[in-house]
**Student:** 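Pasting a structure below so you can have a look.
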2 protein chains.
Amino acid sequence: MNSFFEQNASLLLENPELANVFENIMSFEKFPKHAILHEAGKICNNMYIITSGIARVFYYKEDKDITCHFAAEQETITSIDSFIQQKKSKYNIETLEDVEVLKISHSDLQNVFESNPKYERFGRLFLQQIYMDLVERIDDLQLHSAQERYETLFAKKPYLFQRVASKHIASFLSITPETLSRIRGNTK
Amino acid sequence: MNSFFEQNASLLLENPELANVFENIMSFEKFPKHAILHEAGKICNNMYIITSGIARVFYYKEDKDITCHFAAEQETITSIDSFIQQKKSKYNIETLEDVEVLKISHSDLQNVFESNPKYERFGRLFLQQIYMDLVERIDDLQLHSAQERYETLFAKKPYLFQRVASKHIASFLSITPETLSRIRGNTK
DNA sequence: AATTATTCTTGACATTTATCAAGAAATAAG
DNA sequence: CTTATTTCTTGATAAATGTCAAGAATAATT
């Protein structure tokens, strides 16, 4: 599975020129805990920048619920396969806390790109950034043990371990909840 | 580790407008088998489109040689971390056969982007494409067994199993050569 | 607050994959 | 073509992680 706009949204929000453009196409929304922001099988038209709370991307692999991305404050989340290619998604997006987001639609974003090609640059830079995150995640999965993957995630996103159910962290790390529980036991 | 411009280069080569621009900045080169196209520790200034032969990206993790990308005809290869960020690379690139490439330098590519922002679009689309490849690779690593990863790779790139040393395929699949050998034995 | 449902932990055991070792096969070098 | 080197295969064994089950802890519902 995969990560999804693993990156924080600073590239999009902290550029003064872009911020103006984006202000016009972003809308503010609130969702309660356990809300579904996107459902598998549909085309995902939106990308969200989370300003408060946590959400996850997940899907079902033979009945098992697999989390492939978490996003917290200042991070972006979308069903990336679907958003990029505008085709049906295999992923769901669900809030894990009450969540506040800035929403950007695919069509508005395309309009920005088409209005002036200079904005393509930010699209490219943003993709470069999230691409490097994926490279890191593959590195992690390709050659680290369950214990090491746990430690890496804990170092990067310690808050997940206090705010998110263990079973989701386990599937994200590609281990069983039992193994995660034992690893956490060891490390104390 | 990671994949690297996993994608074939058709996006860059089959667009008539781009083809013209690229023709001016691409140079043809030949390398013998086992040539080093890029060395870890240096900044990678070039991206290669392979027109003949196979090459791999690899690095050393505690003395172990880990392959993280293969590229054959019509595919691109570079030390992506370094090429994107123009910083020292942890990756090496090595030919596994006699190889012919089209070479594009980072600075020439940047000049194209800056000459007219409309070219940024292709950079963005190219990144989208290779991003989706990474998503697939993570999916594969996150929840498939050694046997399943073998089958996936065999389905996607069967020619690797005839042209590339098993040990490289094993490290790419994140298994030992012994396990790969046993899997291959089973499947016959 | 009490009850119910879900999630987490822990143990016993099974399975997968890794490690080590040695010979066979393939490749490279003389 | 012969020899040396590297890689591949196979077996025995060990380590890591998964599965199943049951009770404890936590969270959700009434």
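Proteins get letters first, then strands, A, B, ... in listed order; numbering begins at 1 in each.
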**Student:** When you measure only distances, ignoring hydrogens and angles, does the side chain of A:Arg182 come within 3.5 Å of the base of D:dG18 through a donor and an acceptor?
**Tutor:** no
**Student:** Figure out the CD1/P separation between A:Ile175 and C:dT9, and round it to whole Å.
**Tutor:** 12 Å
**Student:** Take the protein atom CD1 of A:Ile66 and the nucleotide atom P of D:dG18, then report the distance between them rounded to whole Å.
**Tutor:** 11 Å
**Student:** If the cut-off is 4.0 Å, is B:Ser181 near the phosphate of D:dC8, judged by side-chain N/O to OP1 or OP2?
**Tutor:** no
**Student:** Measure the distance from CG on B:Leu180 to P on D:dT7 and round it to the nearest whole Å.
**Tutor:** 14 Å
**Student:** Over how many whole Å does the gap from A:Arg163 atom CZ to D:dA27 atom P extend?
**Tutor:** 15 Å
**Student:** Between atom CG in A:Leu143 and atom P in D:dA16, what is the gap in whole Å?
**Tutor:** 16 Å
**Student:** Between D:dC8 and B:Glu178, counting only base atoms on the nucleotide and side-chain atoms on the residue, is there a donor-acceptor pair under 3.5 Å?
**Tutor:** no
**Student:** Take B:Lys64 and B:Lys33, find for each the nucleotide of DNA chain C with the closest heavy atom, and name the residue whose nucleotide sits nearer the 5' end.
**Tutor:** B:Lys64
**Student:** Are A:Phe83 and A:Phe58 connected, step by step, through hydrophobic side chains (Ile, Leu, Val, Met, Phe, Trp, Tyr) whose heavy atoms are closer than 4.5 Å?
**Tutor:** no
**Student:** Go nucleotide by nucleotide along DNA chain C from the 5' end; which of B:His34 and B:His144 gets its closest nucleotide reached first?
**Tutor:** B:His144
**Student:** Once rounded to the nearest 0.5 Å, what's the spacing between atom OG of B:Ser82 and atom OH of B:Tyr91?
**Tutor:** 10.5 Å
**Student:** Any side-chain N or O of B:Ser166 under 4.0 Å from OP1/OP2 of D:dT7?
**Tutor:** no
**Student:** What is the distance, to the nearest angstrom, from the CG atom on A:Leu141 to the C1' atom on D:dT17?
**Tutor:** 15 Å
**Student:** Answer yes or no: is there an ion pair linking A:Arg56 with A:Asp65, defined by an N-O contact shorter than 4.0 Å?
**Tutor:** yes
**Student:** Nearest whole angstrom, please: distance from the P of C:dT9 to the CD1 of A:Ile183.
**Tutor:** 12 Å
**Student:** Think A:Thr179 has a side-chain N or O under 4.0 angstrom from the OP1 or OP2 of D:dT17?
**Tutor:** no
**Student:** Whole-Å distance between D:dA27 P and A:Gln162 CD?
**Tutor:** 13 Å
**Student:** Side chains of B:Ser79 and B:Ser89: donor-acceptor distance under 3.5 Å anywhere?
**Tutor:** yes
**Student:** Would you mind checking if A:Glu114 and B:Lys118 are paired as a salt bridge, meaning a charged N to carboxylate O distance below 4.0 Å?
**Tutor:** no
